[in-house]
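Here the structure is a predicted model, which is why all the values come from computation and not from measurement.
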Amino acid sequence: MRTTRLATTSLLLTSAFLSPTLIFTGCQSTKEIAGQKAAMSARDFQSALSLMPGQIDKVTSSLQSLQLMETTDKAGTFTTFTKELRTLESQAMSLANTRDFAQENSQRYFREWLKESRKHKTTADRDAALAAFDAGKSQATAAQGYLDRGSREFRALIDQLNQTQTKLATDLSPATLQKMNLAPIFDKAIATKANIARLSEEIDAALGLK
């Protein structure tokens, strides 16, 4: 189900970045090339995003094992927790970089679209082209806003996890583990994964595609 949602979201983002008349041919305009790059960067974002839920589960699972003292090897479990957290952090950084790249490519695409819209000879054609441009950019901007929110949420979760990791690095005693209130972290992890699941529907609504 999650894979289907992410694939759907990728297609929706692609539709926002590409005009309905875009045809992939051997002789492409500057606008069409820019549109292809924007679409590919949107798919790259989705690929990076798809890695997050599983990695979040790995991090929270190792952290929960520590607090519940389900293992006698606390040091080993802490090492696993730290390793999984670093992987999650790396994925989040990759996600943010991919988001930024998608924004740059979409902005480049819309600049080329605007230039092309202004080349029409008649006022009616220019007005129609500019209206289509405005609608397309508005939809893409709304969709991008959801991606930005997702990236910020991932960063907030990782900041919480890093704070916990720093505390545990100096003290893994049972008393410290029992005193730590990890509920906000687990709640944030659940909320973050839920946000990923909602992205498809929210972008769907932003683009007016149902």
Side-chain angles (χ1 to χ4, degrees), residues 1-10 13 40-105 143-204 206:
M1 178 63 71
R2 179 178 293 145
T3 300
T4 300
R5 290 176 185 271
L6 293 176
T8 300
T9 304
S10 178
L13 284 170
M40 286 188 290
S41 61
R43 289 193 291 270
D44 287 343
F45 182 95
Q46 287 305 115
S47 179
L49 185 65
S50 68
L51 300 174
M52 303 296 286
Q55 191 59 33
I56 290 172
D57 285 341
K58 290 181 180 179
V59 174
T60 54
S61 177
S62 58
L63 182 58
Q64 188 173 43
S65 293
L66 265 178
Q67 187 176 48
L68 297 178
M69 291 181 288
E70 295 175 340
T71 175
T72 56
D73 184 13
K74 291 193 294 293
T77 304
F78 175 73
T79 298
T80 298
F81 163 65
T82 300
K83 178 182 176 181
E84 299 296 356
L85 175 55
R86 294 296 165 254
T87 299
L88 180 64
E89 189 165 29
S90 176
Q91 290 176 351
M93 290 178 64
S94 176
L95 186 71
N97 290 336
T98 306
R99 175 206 59 197
D100 292 344
F101 191 59
Q103 288 177 331
E104 292 172 6
N105 279 332
Q144 192 71 53
Y146 289 119
L147 303 186
D148 290 342
R149 190 190 68 195
S151 293
R152 290 194 300 271
E153 187 169 341
F154 296 142
R155 185 68 257 173
L157 172 61
I158 289 172
D159 286 345
Q160 286 181 297
L161 288 165
N162 274 327
Q163 290 172 8
T164 299
Q165 194 273 344
T166 299
K167 292 179 181 177
L168 293 176
T170 59
D171 188 359
L172 277 175
S173 67
T176 297
L177 288 168
Q178 289 302 307
K179 287 179 181 178
M180 294 188 73
N181 180 16
L182 299 180
I185 291 179
F186 296 135
D187 290 344
K188 183 67 173 177
I190 293 172
T192 300
K193 292 193 297 179
N195 184 56
I196 292 174
R198 289 196 304 269
L199 274 176
S200 178
E201 287 82 358
E202 289 176 326
I203 295 175
D204 193 348

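Here Thr80 contributes atom OG1 and Asp73 contributes atom CG; the two are 8.0 Å apart, rounded to the nearest 0.5 Å. To the nearest 0.5 Å, the span separating CD1 on Ile56 from OG on Ser61 amounts to 13.0 Å. For the atom pair Gln67 CD and Ile185 CD1, the distance stands at 9.5 Å (nearest 0.5 Å). From Asp159, atom CG reaches atom OG1 of Thr164 across 11.0 Å, with rounding to the nearest 0.5 Å. The OG1 atom of Thr192 lies 8.5 Å from the CD atom of Gln160; values are rounded to the nearest 0.5 Å. To the nearest 0.5 angstrom, Leu88 atom CG is 14.5 Å from Lys83 atom NZ.
Pairs of residues two or more places apart, or lying in two chains, that qualify as side chain to side chain donor-acceptor pair (under 3.5 Å) and include a residue from residues 172-185 are Asp171-Ser173, Asp171-Thr176, Ser173-Thr176.
Contact check for Val59 versus Gln55: side-chain heavy atoms found under the 4.5 Å cut-off. The shortest side-chain heavy-atom distance between Leu161 and Phe81 falls under the 4.5 Å cut-off.
Nearest heavy atoms, Thr60 versus Phe186: O-CE2, 3.7 Å. Minimum heavy-atom separation, Arg86 to Asn162: NH1-OD1, 2.9 Å. Ile158 and Glu89 make their closest contact through CD1-CA, 3.7 Å (heavy atoms, listed as atom of the first residue, atom of the second, distance). For the residue pair Pro53 and Lys193, the shortest heavy atom distance occurs at O-CD, 3.8 Å. The nearest pair of heavy atoms linking Leu172 to Phe78 is CD1-CB, 3.8 Å.
Tested against Leu182, the residues Asp187, Leu63, Leu177 include a single side chain to side chain contact (heavy atoms under 4.5 Å, CB included) partner, Leu63.
A 6.0 Å sphere centred on CE of Met180 holds more than 12 heavy atoms belonging to other residues, nucleotides or ligands.
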